[in-house]
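These numbers were taken from a predicted model, which means no experiment stands behind them.
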Amino acid sequence: MDAFCKLSGLDPLWDWNRTWYTANPDLTQCFQNTVLVWVPCIYLWLLAPFYCFHLYCHDHGRIHVSNLCSAKMVLGFLLASFGFVEFFYILLERSQEIHQHMVFLLSPIIRSLTVILALCIIQLERVRGCRSSVFLFLFWVLAVICSLVPLRAKIQLALDEGIASDIVRYFAFFSYFTIQLAQLFLCCFADQPPEGKTVLEKNPCPVKDASFLSKILFWWFTGLVVKGYRTPLAAEDLWTLREEDTSHKIISELRQDWNAKCAKIQKQEKALASGVALGSRLPDQAQLLRKLQKEQSSGFFLLRTLARKFGPYFLTGTLCIIFHDAFMFAIPQVLSLLLDFMRDEDAPLWKGYFYATLMFLLSCLQSLFNHQYMYACFTVGMRVKTAVMGLVYRKVGDSCTVYEQLFASRRTCTKLMDFVVYFNAVWLAPIEIALCLFFLWQHLGPSALAGIATVILIFPLNGFIAKKRSKLQEIQMKFMDGRIRLMNEILNGIKILKFYAWEKAFLEQVLGQREKELKALKKSQILYSISIASFNSSSFLIAFAMFGVYVMLDNRNVLDAQKVFVSMALINILKTPLSQLPFAISTSMQAMVSLRRLGKYLCSEELKVDNVSKAPLSSDGDDVVIKNGTFSWSAEGPPCLKRINVHIPQGSLVAVVGHVGSGKSSLLSAMLGETEKRSGRVTVKGSVAYVPQQAWIQNATVEDNIIFGREKLKTWYHRVLEACALLPDLDILPAGDATEIGEKGLNLSGGQKQRVSLARAVYRKADVYLLDDPLSAVDAHVGQHIFDKVIGPKGVLRDKTRILVTHGMSFLPQADHIFVLVDGEITESGSYQELLSRHGAFADFIHTFANTERKESAITRAGSRRSNARLSMVDFMPFSRDLSQEQLIGGDTTNTNLQNMEPVTDADEEQVPEDLGKLTVVDKARTGRVRLEMYKKYFKTIGLAIIIPIVFLYAFQQGASLAYNYWLSMWADDPVVNGTQIDTDLKLAVFGALGFAQGIAIFGTTVGISICGIIASRHLHMDLLINVLRSPMSFFECTPSGNLLNRFAKEIDAIDCMVPEGLKMMLSYVFKLMEVCIIVLLATPFAAVIILPLACLYAFVQSFYVATSCQLRRLEAVSRSPIYTHFNETVQGASVIRAFGEQPRFILQANKRVDFNQTSYFPRFVATRWLAVNLEFIGNGVVLAAAILSVMGKNTLSPGIVGLAVSHSLQVTGILSWIVRAWTDVENNIVSVERVNEYADTPKEASWTIEGSSLPLDWPQRGTLEFQDYGLQYRKGLELALKGITLNIHERERVGIVGRTGAGKSSLALGIFRILEAAKGKIFVDGVNIADIGLHDLRSRITIIPQDPVLFSGSLRMNLDPFDSYTDEEVWRSLELAHLKNFVSNLPDKLNHECTEGGENLSLGQRQLVCLARALLRKTKILVLDEATAAVDLETDTLIQSTIRTQFEDCTVLTIAHRLNTIMDYTRVIVMDKGHISEMDSPANLITKRGQFYRMCREARLV
């Protein structure tokens, strides 16, 4: 190259004296005209083929020629022409000595040809739809950078010699440089979208339209930040998800891959199983090993599937972190050169400025690559979360309980997202640690080994602490899970708790779990504080060990500024991998465990498709056939049905009867394929509709529940409503069929839920109907109507095949065929007459229990039927009533809003307001910044007495840190006398003392804040729990259980851990920042001029960010609840969804909810990156300022103080990011205090007990009830639901309360228990006004047997007697009277038998009997029964009735009756109508009066 340059009369290529050892550096003419011209050209020509191939493989569509593209082309042609003009100019001017100008001839030609190649690439990008080119951006950056040196040389020459000497050359060069800059500027913008790709999205994500520069600096996000700063963000302000992030895109691709892997695993499993079956049985150890291997392989396959899908994008992030590390390690080397420069008195100033600028550029590049890596990780994490949620949702309903599925998927998602972020640290951290130690060895020699020894000592300590903490966290999680599970049950059964006055017992149970949880948390936090203290002191400990050994080894070992501060910079780098490595390893291990569990679950056996053979409907033969069927609920469990042979002809009505627990529901499940088929064959022809025994209702409108995803056919829809007796109910509901039904059908009575469930099946127009006792929950006359209009021989389903499980004897004569089930076997089958004539068990049963029904068959049907007009019951309906009054007693409770129901008057009926039928109060996101009161409340809960000492400790901690750092700089500046420094022992001792003092202070502050957090969280949880339990029933009906559970789980968890964690971090970094600022200002006071504007800019950026970030966090939290509510709902209705074949629609809904959640999660993590990039540039500004000011003050500043200032300023970028992150975390998580506090201001019930109450212990002794002009309303402003009730009920009287739906029957019971308070009038029990006594005093002295039997998880004994008030003998006695003694005594654990969540491991009838046993145990003087016999067969019903007659003989009994035959022998019957008592007398007298009661008896065929 030198020869080539010499030929053109130029200097050699490189000359150190011109470039480095000079006060005025410059590059040689040869270098400028060859290397600087050729480097960008070589870059483009070398990489162009690969880039063109990449474009060829990725076609995004063609882009129209835009103004941007035209401008690039025009400027490109100008640049190319410059080169050619220059070439011809030289050729003509120097044609004689052309060989002497080869360099000047070649360079413009190469440059022009390269620009033409760039123009070709621009066109290729346009054709292939590339909107912003990284490749060309880097080319123009290189070109501009390489032109800067000639530019400086040209300007210098022009200043020295003037322009006139060669004006053409100057003009050409400056024009060329300007056009290059213009090209670079144009490359910063993105082109328009390709043709046909302009999808009309409502609010597309701007990242698609962002240029490369905007992407790496996250400027595309600024619009949302500004919007969020001006007005609080709402859900509609958020962008729609990019296509590649949507559930549909991710899961459709992933599912195929995963299904193939699953099939492979199951194939291996079957091969192994068959191998074992052939040989002998495997020993237990071998079986366990096989189970573990299966788990391992399924986890590994799942990881491989996820890696294949998301790995390539993740690898780009990994590349970024490698570059980041390279720049990170370069910075201490440059710092070393800067300190070397400070020491060298003869060094020219430009070198100092060069090092300062280089350090600034390296810091900026380090920031950029780090945040690109984090962005890639979070994007992959988000997609993994979508994938896991999607896979789990599609698997729902097979292998584990709702709770486990819900929480397993939540935790797995969190663990996998952490794993994605920290995985690279597993292999990168050891490399980083090794590099740090290598560079330290270079500076300090073998003394660096002392640092290694310290690291080796710190590691096991932290490892031991991490191990202990993980055990404690497991314990804490166990108690927390127990507490959440208990809360879930409390919320589901809150009505029972209120009726029985059991709140205190459950309150104590929850608080007991909470105390155990906090105890484990406290231990864990103290260990964590030791860990934090050792970590934060690690840089000191390593430095102390290394410097100590270094000065002790040899007197001639001198600690100068370069050694001290470069070592400190390296030690600060070392801290990151040291802290990340153990966390990364444990996160990876936890993620692997989660993956194994998840893989095992996703690979578990699904319901076999071949359980039921589906066949198309044919005009002849049987629709349902079971041959020699044996079925069980699980592969290992005992059979629930044996030797089943069933042939059901097309269009027939088949009844299935049997005692409670005989296997009737299991038979229907077998037909649906929901049970495990052990042997035999099941064939079902045509489509199936299923009505479960417990109605499953979605949280949607009545119409949506009935149509269930089908098109609405108005005539058919209306016919279905009429047949299912729903029209009168719709008249009551505020928005008719557009009324939203609460979670689990809350604002409907049991009967209404069952009728909606039946209407859903009828609307479907299926071929085969499986009806699991749909008539049990409805009144007798409504049941008769439904049978006649829907199920019976003349009903709308008369041509369909109907299989009806029933306890109602009156319907059996009309069945074509009857199956009698006993203990899972069909003992008898035949028509009604055939079975009677056999005189078997069925005939005895009928003779005993059905004498009234036998009468019915003799009555002609025509006369007994009501006309449609009568059925609609319009004249019995108070139009402005809020829902059905059964709702507060009947049904589960979670989320309907009594208070949102407005009466609809004729005048405004046409304009129904949108939110009229809206029942659920949606979990709303608060807007704006967190109110100051929340902080006040949080700190007030802790108390100033603890807070002030902690702040002082922080100040002391940072003071010690400042002192030891300043001490080090003084030590470094200490003069060297005879090759040694004096008093090194003393200096080392002071350094050590200050460092250890700081370590102790750190431990003190972290323990202090943890304990403060526990104090605050204990109080806040207690307040929340008491506020929720003291809320009236109306509150639970308008608040979804998901919202409340979220408060008890996520929000309390945030207050437990996240708030104290954020406070710890924020305080420590704020004090650290103060220390850095003090040090920089001590070194260079002039830095204040730069630091103050940067601080203002920082505050400005931070305030923008916090407003947006907090709102995004709230929106994300609010959009998370619906995912789990829907998940929950799906699991509960899985069998119905599968029976109707609606899985695709539910999957689509789940996708929508997950995507909606991700629309707020995505901007949330981008906001953090946007902030970090901007802030780190501010921080890098501080580095630049400190370095340049140090260079400027070279003559006055010592190397020690410069080293101190610059090495500390290097930490500013990290500190600033951490402060804002910590501050945002605190703001985000203090929202939890806000959300937990929301329920402090909601209305509360009257007090539970009244101090100094003179109520006798045995009150009520007689059981008399007196209503005086009693009125009750569901909400202020509505008309009264009970109007002026005046009534006397004497002791030992048995009173039946009857009336149409909505007449006010249940309202009487609600009034007696003060579930609703009186609007006027009074109720006296034994002469005591119930409004004057505590709610618990009242509710614990009277008893109700509610419509829906609710049990809690726990022992059977706890379910009967949560306060342990009764002896075992009394409990056994109550079980015997409730006809459960035989069943319970046959259980292995007897009274300690564990009931599952909701008592699911007992049949509905058995649960009802447990409720009866509760009443028998309490044995109060007043008993209220609410349709308590709906779920039991007639035999059990008779037993219950006889028990009540004998055991409650000396009590006052009020029965809200739906089966009139149960109250025919009562002393009095009250007939309610529109909130009034319309008739009241003995049953016999009322029948003779031929009034309303008589008409009801006639409908029920009792007269």
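Residues I626 and L667 are in side-chain contact: their nearest non-hydrogen atoms beyond the backbone lie under 4.5 Å apart. V646 has its side chain within reach of I826: a pair of non-hydrogen atoms, C-beta onward, lies under 4.5 Å apart. In this structure, the side chains of H248 and K1152 stay at 4.5 Å or more apart for every pair of heavy atoms. In this structure, M389 and R1153 have side chains that are not in contact, with every pair of non-hydrogen atoms separated by 4.5 Å or more. Residues Q754 and V691 have side chains in contact (heavy-atom distance under 4.5 Å, counting atoms from C-beta outward). Residues P649 and D623 are not in side-chain contact: their nearest non-hydrogen atoms beyond the backbone lie 4.5 Å or more apart. Residues V682 and F631 meet the side-chain proximity criterion, which asks for heavy atoms closer than 4.5 Å.
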Check step by step if side chain to side chain contact (heavy atoms under 4.5 Å, CB included) holds for V654 and L804. CA-CA 6 Å; V654 174; L804 172 70; over 6 Å; no

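Residue pairs meeting the salt bridge (Lys or Arg N to Asp or Glu O under 4.0 Å) criterion with at least one partner in residues 686-707, sequence neighbours excluded, are E703-K712.
A salt bridge links R755 with D729: at least one charged nitrogen is closer than 4.0 Å to a carboxylate oxygen. Comment: D245 engages R383 in a salt bridge, judged by a side-chain N to carboxylate O separation of less than 4.0 angstrom. Taking 4.0 Å as the cut-off between side-chain N and carboxylate O, E489 and R485 do not count as a salt-bridged pair.
Although no hydrogens or angles enter the test, the distance criterion places a donor-acceptor pair under 3.5 Å between the side chain of R760 and the main chain of N705. R719 contributes no side-chain N or O that, together with a main-chain N or O of T715, makes up a donor-acceptor pair within less than 3.5 Å. Listed for the R802 side chain is a donor-acceptor partner under 3.5 Å among the backbone atoms of I791.
Classified by interplanar angle (parallel below 30°, tilted 30° to 60°, perpendicular above 60°), the ring pair F1146/W696 is tilted. Between F1140 and F708, the ring planes lie perpendicular to each other; the angle is over 60°, past the 30° to 60° tilted range.
More than 12 heavy-atom neighbours from other residues, nucleotides or ligands sit within 6.0 angstrom of NE2 on H647.
With sequence neighbours left out, the ring-ring contact (aromatic ring centres under 6.0 Å, His included) criterion links Y769 to no other residue. Listed by chain and number, the residues in a side-chain hydrogen bond (donor to acceptor under 3.5 Å, both in side chains) with E1142 are R764, R1145 (sequence neighbours excluded).
Contact record, F811 with T806: CD1-OG1, 3.9 Å, taken as the closest heavy-atom pair.
Note that the CG atom of L598 and the CG atom of L416 stand 7.5 Å from one another [nearest 0.5 Å].
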